[in-house]
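My questions all concern the structure below.
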Amino acid sequence: MPLRLFNTMSSQVEEFHPLRDSEVRMYACGPTVYDYGHIGNFRTFIAIDLLRRFLRQSGYKIQHVMNITDVDDKIIRNSARDGVTVQQYTAKYEKAFLEDAAMLGIEQPTLVRATEHIPEMAQFVAKLVEKGFAYRADDGSYYFRIAKFPRYGKLSKKDFSSMLDGARVDVDEYDKDSARDFALWKAPKPGEASWDTVIGPGRPGWHLECSVMSMEELGESFDLHAGGEDLIFPHHENEIAQSESLTGKPFAHFWFHARFLLVEGEKMSKSLGNFFTPRDLVLKGHKPSSIRYLLASVPYRNQLNFTFDGLKQAAVSVDRLRNFRLRLSAGNFADGSNPQMQTLATETGDRMRAALDDDLNTAQAQAAIFEMVRQANTAFDTGSVMKDDVPPLLAALEKFDEVFAVLHDDDIPKMKQVLQWAQTEGREKDISQELRDAVQSAHLSDADIEAKIADMRAARTSRDFKKSDAIRAELAEAGILVEITKDGIRWRRR
RNA sequence: GGCGCGGUACCCAAGUGGUAAGGGAGAGGUCUGCAAAACCUUUAUGCGUCGGUUCGAUUCCGACCCGCGCCUCCA
């Protein structure tokens, strides 16, 4: 079964076939680095990451490009406010964005920056002018003439036919032929960043960079273009207009858009006080893996209601999976194999694949893995998991994690980084006790813990439960959870 | 106003024209020196409301109520 994805262009779920057999070329609209990214941004980037990972698991080579918008109105305004250069300003937030993305397990695409492609953008505009699709306004700005592109509106399903007859719409305050014409290039203003180019001085409009850089990296036609749902119009519509006007060829074949999320049932906004960045959540003591799991658990086209209760639930769910893996890798098993476990592992793999093939139904993929966990745990309890069952069960778990990427437990070091960041940024007051407690466990090395566990083992051998319990309590204090099982003592960091 | 999406148990959340996945939480139980982990049982005659189509609808159609998005650079 091939992957079936919703294509915004056709408004329906279609089979996804890349233009080249074994390779997927995809472009994602990245952040404008004017501030820290918030969980809404990262919902989109995680959705794209899940897609990328699943495509790779499906056997494709991936060429994945993402832009960093490092020049725009807000950046110019904020950098001036802070008295730093645009470069200094954007460097800080680009770094923060990449750190957050890494913290959330997002694989880094090939990055392209707007400011590093200014000459190409100017060339692009020059060619559009040559072909009659763009014009220069009196102030030196350039606009795209949408009346020349009859398909304008096809992605967002908007009807612009009334302005396609070339009639000049009278708009006094603009130097545009039609109110809908969008800026390709903005003439310089005093004090603003500006570049000298073949089409004169100025800076690029927002949409231009994505057309220029995607074509440069991926070719004039490529497989998939992704972003948040708000980008459908005008951003992606404009990219299509300028790109296809220039090349005469179809731009991206698939358009992938992630839905916005709600926070505690409401639209996320600073005024409602429900606006969060990943760092905010970690400062409150939540684990990066919980955040990723929650953001990945609702299929990308559904509205996701991000709640703190949900975050706690996500943490428990991830723990359950990690515990299961621990049990698989640490247990003692009798030789042989149990056909039921073999079948279970195979079927789980198939179910996950089918779920993700179905427009990336992550909720169903999760259901499949939990079904396996429960059944295998039941078999564990009756001693009917055999040595040869372990590899296939682990493989199914790995297959899950190749896409979801939450099993590897590096939450504590990541949380520690956020704590340190808060200290350097003067945000000590925002560091919760929960975060301090969590990071505490990082102070004990594995060897330290092993030594304590050895003491515990000795105490238990002589049935000195008081001493054993005391050590356990001490470790618990330091954030280490100790479990006594039939197969011995095992521990993990909470 | 135009275009589009959604309303499923205490919470999060899949799903199907034939009788409701999964996770969390709660309750009871098994195991256990105690914990932890794990397992078992249990929690929606019901899927926003009202009509319609159908042998049969949560699933299709219509109306209404509510929430959300886009419609001048917010993922």
Looking across every strand, which nucleic acid part, if any, lies under 4.0 Å from A/I484 by heavy atom: base, sugar-phosphate, or nothing?
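Base contact.
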
Think A/N302 has a side-chain N or O under 4.0 angstrom from the OP1 or OP2 of B/A14?
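Yes.
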
Starting at the 5' end of RNA chain B, what dot-bracket string do you get if Watson-Crick and G-U pairs under 3.5 Å are bracketed, crossing pairs use [ ], other-strand pairs use | and unpaired bases use dots?
(((((((..(((.....[...)))((((((.......))))))....(((((..]....))))))))))))....

Could you check whether the side chain of A/D230 and the base of B/G69 have a donor-acceptor pair of N or O atoms closer than 3.5 Å, going by distance alone?
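Under the 3.5 Å cut-off, the side chain and the base do not form any donor-acceptor pair.
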
Euclidean distance, atom CD of residue A/E483 to atom C1' of B/A37 [Å, nearest integer]
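Rounded to the whole Å, the gap is 5 Å.
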
B/A14 versus B/U58 - spacing of their C1' atoms, nearest Å
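That atom pair is separated by 13 Å.
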
Examine the base of B/A35 for any acceptor or donor lying under 3.5 Å from a partner atom in the side chain of A/R472, and report the outcome as yes or no.
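Under the 3.5 Å cut-off, the side chain and the base do form a donor-acceptor pair.
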
Roughly how far apart are A/I118 CD1 and A/L208 CG, rounded to 0.5 Å?
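Reported to 0.5 Å precision, the distance equals 8.5 Å.
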
Nearest-angstrom distance from the residue atom CG of A/N361 to P of B/A13
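About 14 Å, once rounded to whole Å.
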
Between A/S317 and B/G22, is there a side-chain N or O to OP1/OP2 distance below 4.0 Å?
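For B/G22, OP1/OP2 do not have a side-chain N/O of A/S317 under 4.0 Å.
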
Expected output: side-chain A/D35 to main-chain A/Y93 donor-acceptor under 3.5 Å
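Side chain of A/D35 to backbone of A/Y93: no pair is present.
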
Please classify the nucleic acid contact of A/I232 as base, sugar-phosphate, or nothing, using heavy-atom distances under 4.0 Å.
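Nothing: the residue A/I232, judged by heavy atoms under 4.0 Å, touches no strand.
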
Base B/G33 paired with A/R460 side chain (donor-acceptor, <3.5 Å)
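Flag set: donor-acceptor pair detected.
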
Pick one: which of A/R322, A/R292, A/R493 meets salt bridge (Lys or Arg N to Asp or Glu O under 4.0 Å) with A/D411?
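In the set A/R322, A/R292, A/R493, the residue that makes a salt bridge (Lys or Arg N to Asp or Glu O under 4.0 Å) with A/D411 is A/R322.
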
With no angle test and no hydrogens, is the base of B/G69 tied to the side chain of A/E229 by a donor-acceptor pair under 3.5 Å?
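Answer no: no donor N or O sits under 3.5 Å from an acceptor.
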
Taking the six-membered ring for Trp, are A/F276 and A/F306 ring centroids under 6.0 Å apart?
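So the answer is no for these two rings.
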
What's the closest nucleotide to the A/M268 side chain, out of B/G23, B/A75, B/C34?
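Between B/G23, B/A75, B/C34, the one nearest the side chain of A/M268 would be B/A75.
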
Within the pair A/N305 and B/C12, is there a side-chain N or O less than 4.0 Å away from OP1 or OP2?
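The answer is yes; a side-chain N or O of A/N305 sits under 4.0 Å from OP1 or OP2.
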
OP1, OP2 of B/A21 versus side-chain N and O of A/R374: anything below 4.0 Å?
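Result: no.
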
Under 4.0 Å, heavy atoms only, any strand: does A/L261 hit a base, just the sugar-phosphate, or nothing?
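Contact class for A/L261: base.
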
If we check ring pair (Phe, Tyr, Trp, His ring centres under 6.0 Å) with A/H236, which of these qualifies: A/F251, A/F254, A/W255, A/Y27?
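Passing option: A/W255.
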
With a 3.5 Å cut-off and heavy atoms only, can you find an N or O donor on one side and an acceptor on the other between the side chain of A/R301 and the base of B/C5?
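For A/R301, whose side chain was compared with the base of B/C5, there is no donor-acceptor pair (under 3.5 Å).
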
When all nucleic acid strands are considered with a 4.0 Å heavy-atom cut-off, which category describes A/H207: base, sugar-phosphate, or nothing?
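Here A/H207 touches no strand at all.
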
hbond_proxy A/K267 side chain to B/C74 base (donor-acceptor, 3.5 Å cutoff)
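Absent.
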
Hey, does the side chain of A/N377 come within less than 4.0 Å of B/C39's phosphate (OP1/OP2), counting only N and O?
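True: A/N377 side-chain N/O within range (under 4.0 Å) of B/C39 OP1/OP2.
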
Which part of the nucleic acid does A/E266 contact within heavy-atom distance under 4.0 Å: base, sugar-phosphate only, or nothing?
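Nothing, no nucleic acid heavy atom in range.
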
Answer yes or no: does a side-chain N or O of A/K74 lie under 4.0 Å from OP1 or OP2 of B/C74?
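A/K74 to B/C74 OP1/OP2: side-chain N or O found under 4.0 Å.
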
With a cut-off of less than 4.0 Å, is there a side-chain N or O of A/R351 near OP1 or OP2 of B/A21?
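Checking B/A21 against A/R351, no side-chain N or O comes under 4.0 Å of OP1 or OP2.
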
Is A/G310 touching bases, backbone alone, or none of the nucleic acid, heavy atoms closer than 4.0 Å?
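Nothing, no nucleic acid heavy atom in range.
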
Could you tell me if A/D309 and A/T307 have a donor-acceptor pair between their side chains, going purely by distance under 3.5 Å?
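Side-chain D/A pair, A/T307 to A/D309: absent.
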
Any side-chain N or O of A/R180 less than 4.0 Å from the OP1 or OP2 oxygen of B/U72?
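Checking A/R180 against B/U72: at least one side-chain N or O falls below 4.0 Å of OP1 or OP2.
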
Which part of the nucleic acid, if any, lies within contact of A/P299, taking any heavy atom under 4.0 Å across all strands shown: a base, the sugar-phosphate backbone alone, or nothing?
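If one applies the 4.0 Å heavy-atom cut-off, A/P299 turns out to touch the sugar-phosphate alone, with no base involved.
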
For A/F465, report the nucleic acid contact type (base, sugar-phosphate, nothing); a contact means any heavy atom under 4.0 Å.
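Base: the residue A/F465, judged by heavy atoms under 4.0 Å, touches a nucleobase.
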
Nearest-Å distance, CD (A/Q242) to C1' (B/C73)?
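After rounding, the reported distance stands at 12 Å.
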
Residues A/N67 and A/E209: side-chain donor-acceptor under 3.5 angstrom
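The answer is yes; a qualifying pair exists.
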
A/W491 vs A/K452 side-chain heavy atoms within contact, under 4.5 Å:
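A side-chain contact under 4.5 Å is absent here.
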
Would you kindly give the CZ-to-P distance between A/F380 and B/C31, to the nearest whole Å?
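For the pair A/F380 CZ and B/C31 P, the rounded distance is 21 Å.
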
Apply salt bridge (charged side-chain N to carboxylate O under 4.0 Å, His left out) to the pair A/K95 and A/E99, showing each step before the final yes or no.
CA-CA 6 Å; A/K95 178 168 173 282; A/E99 286 169 357; 2.9 Å; yes

Checking only heavy atoms, does the side chain of A/Q303 share a donor-acceptor pair with the base of B/C68 at less than 3.5 Å?
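Absent.
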
